[in-house]
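Heads up, the thing below is written out as structure tokens.
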2 protein chains.
Amino acid sequence: MTERVGSDTRERLITAAADLIAASPGEDFSLRAVCDAVGVKMPTLYHFFGSKQGLIDAVIEHGFDLYLGEKASMENSGDPIQDIRAGWDAHVAFGLENPGFYTLMYGKVRPGYSPAAQSRPSEILRGLTAEAAKQGRLVVPSEQAAAHILAANIGVTLRQIILAQADQELSRAMREATIAAITGTGTSRGGPLAAAIEVAAANADVLGPSETQLLIEWLSRLNRSSSIS
Amino acid sequence: MTERVGSDTRERLITAAADLIAASPGEDFSLRAVCDAVGVKMPTLYHFFGSKQGLIDAVIEHGFDLYLGEKASMENSGDPIQDIRAGWDAHVAFGLENPGFYTLMYGKVRPGYSPAAQSRPSEILRGLTAEAAKQGRLVVPSEQAAAHILAANIGVTLRQIILAQADQELSRAMREATIAAITGTGTSRGGPLAAAIEVAAANADVLGPSETQLLIEWLSRLNRSSSIS
DNA sequence: GAATATATGTATCAGTGATACATCTAGTAC
DNA sequence: GTACTAGATGTATCACTGATACATATATTC
């Protein structure tokens, strides 16, 4: 009966753990519960994984396989920016569909801790931003663009998980805000003067507070009166 | 000896817990360790807090008091967008300085869970976006602007905590990307400042020649110095 | 068939959050 | 001043957790 090669038990343990995690995302889970589900005792689990973290790592690895499986097919438009959009959406969708996995991967916040498997999607993303940079489509360094995308993408996904509520409009808005920022292709609404006001406000330290205030007032007057808006 | 009013022990327990959490941010902590630090047994702790979560909530409350204490003074420029900038920076700074507290507040990701105290800063933020909306400075609903800011602000803070490395440039880039998105004042590639200079020069009669000249000089300086191009 | 590596069970450990119960203390009422 | 009461604290114990030493079973290989 136990002639299975490649350790059937090992995979069943991973599956059982994944099920338990999926059943109560973000919550802690008991190794004994995992063992009971498989019908095995704890030393067996420890034989395969060495520690609870070992099992968790294996589950995460398993989760990333699922994730990258879904994701890989989506990023082949040829246009790196479009691929970044697709990757963003796939990221959010995976997090909302698998909050248990996602929480393990990105929801355990402590300094200096990031599961090894986390680097794989990160590599893909950096490949995309590097390609975009090569095509001259970024106004920031490729590395910073990738960091920006990742932080915002994770942020909006975790937020939706915490609120237990999907918000596709928010995700889209943040996605486009991010892409606009790294490509410098923002759409300005009020014309260059309104934009200049915001730039001035954002860099109040350059001219100093009072000069900046006067500058902004002048620009506002100009904006109201100028024929070329 | 034990004549202290207002339950000295209670506060000492909170302080001890806060210290332990600060000593190993993101890690779990033991109630017994807290009790030992104060020189008290567990039933005392349970008498005051009822459960571990009760203690955690009290610690969070304590953390938010610190946070809002630091933060309150920073948001009074009169300009809601500027206040949002200050709030963003204060948020990030607090997270980096107090990763233990911050992890408790925003780093425990599980569906439907957000500490009650979390709503306080959220209320402040929504007040600011509501004010900005009233001034007609937003191109998205006030609520969505607040959600956008919050998700991005938390995201970039958690990211820096996880990487155990501050990245002020990333925080600034995400802050401005967010503000650009909600105000619709994105900067296009040539730079709004250059465009604004042209508009000002073409309408020198509005402000008068000398003011216009000074305005143009300031805009030029801004254009050279501002990190937002 | 013997030897060996892999896999699994038994028994037990220290540490955890939690609680029932007894005890002590401080303040209040008479 | 004594008795009572409510709040505060200690003792003892619970079930459960992750972890491990040790023995045992199974399967593969020679």
* To do: Decide, yes or no, whether a salt bridge links R126(B) with E123(B) under the criterion of side-chain N to carboxylate O below 4.0 Å.
  => yes

* Heavy-atom side-chain contact between V140(A) and H148(A) under 4.5 Å -> no

* **Any residue of residues 47-63 of chain A with a heavy atom less than 4.0 Å from an atom of DNA chain D** => S51(A), K52(A)

* Asked: Taking C-beta and beyond as the side chain, do F101(A) and L66(A) meet within less than 4.5 Å on heavy atoms?
  -> yes

* Structure fact -> Heavy-atom nearest nucleotide on DNA chain D taken for P43(A) and for V40(B); more 5' hit belongs to V40(B)

* **Nearest to side-chain heavy atoms of L31(A), which nucleotide of dT8(C), dG10(D), dG18(D)** => dG18(D)

* Asked: Checking K52(A) against F29(A): charged group under 6.0 Å from the ring centre and within 45 degrees of the axis?
  -> yes

* Does P25(B) reach the side chain of R110(A), with side-chain heavy atoms less than 4.5 Å apart? -> no

* **NZ/NE/NH1/NH2 to OD/OE distance under 4.0 Å, R137(B) and D79(B)** => yes

* Rounded to whole angstrom units, what separation is found between the CG atom of L13(A) and the P atom of dT8(C)? -> 8 Å

* Asked: Does the side chain of W88(B) pick up a donor-acceptor pair with the side chain of T178(B) at under 3.5 Å?
  -> no

* Asked: Tell me: CG of D28(A) to C1' of dC16(D), nearest whole Å?
  -> 12 Å

* **Distance in angstrom units between D8(A) CG and dA7(C) C1', rounded** => 13 Å

* Structure fact -> Separation of dA18(C) atom P from K41(B) atom NZ, nearest Å, is 18 Å

* Round to the nearest Å and state the distance from Y46(A) atom OH to dA19(D) atom P. => 3 Å

* Taking atom types as modelled, find out whether Y102(B) and H91(B) have a side-chain donor-acceptor pair closer than 3.5 angstrom. => yes

* **Electrostatic pair R120(A):D65(A) at N-O distance under 4.0 angstrom** => yes

* **Under-4.0 Å side-chain N/O to phosphate OP1/OP2 contact, S30(B) with dG15(C)** => no

* Which angle, to the nearest 10 degrees, lies between the helix axes at the two ends of the helix from dG1(C)-dC30(D) to dC30(C)-dG1(D), each defined by five pairs? -> 10°

* To do: Please report, rounded to the nearest Å, how far the C1' atom of dT8(C) is from the CZ atom of R10(A).
  => 17 Å

* Expressed in angstrom and rounded to an integer, what is the separation of R32(A) atom CZ from dT10(C) atom P? -> 13 Å

* To do: Find the distance M42(B):CE to dC14(D):C1' and express it as a whole number of Å.
  => 13 Å

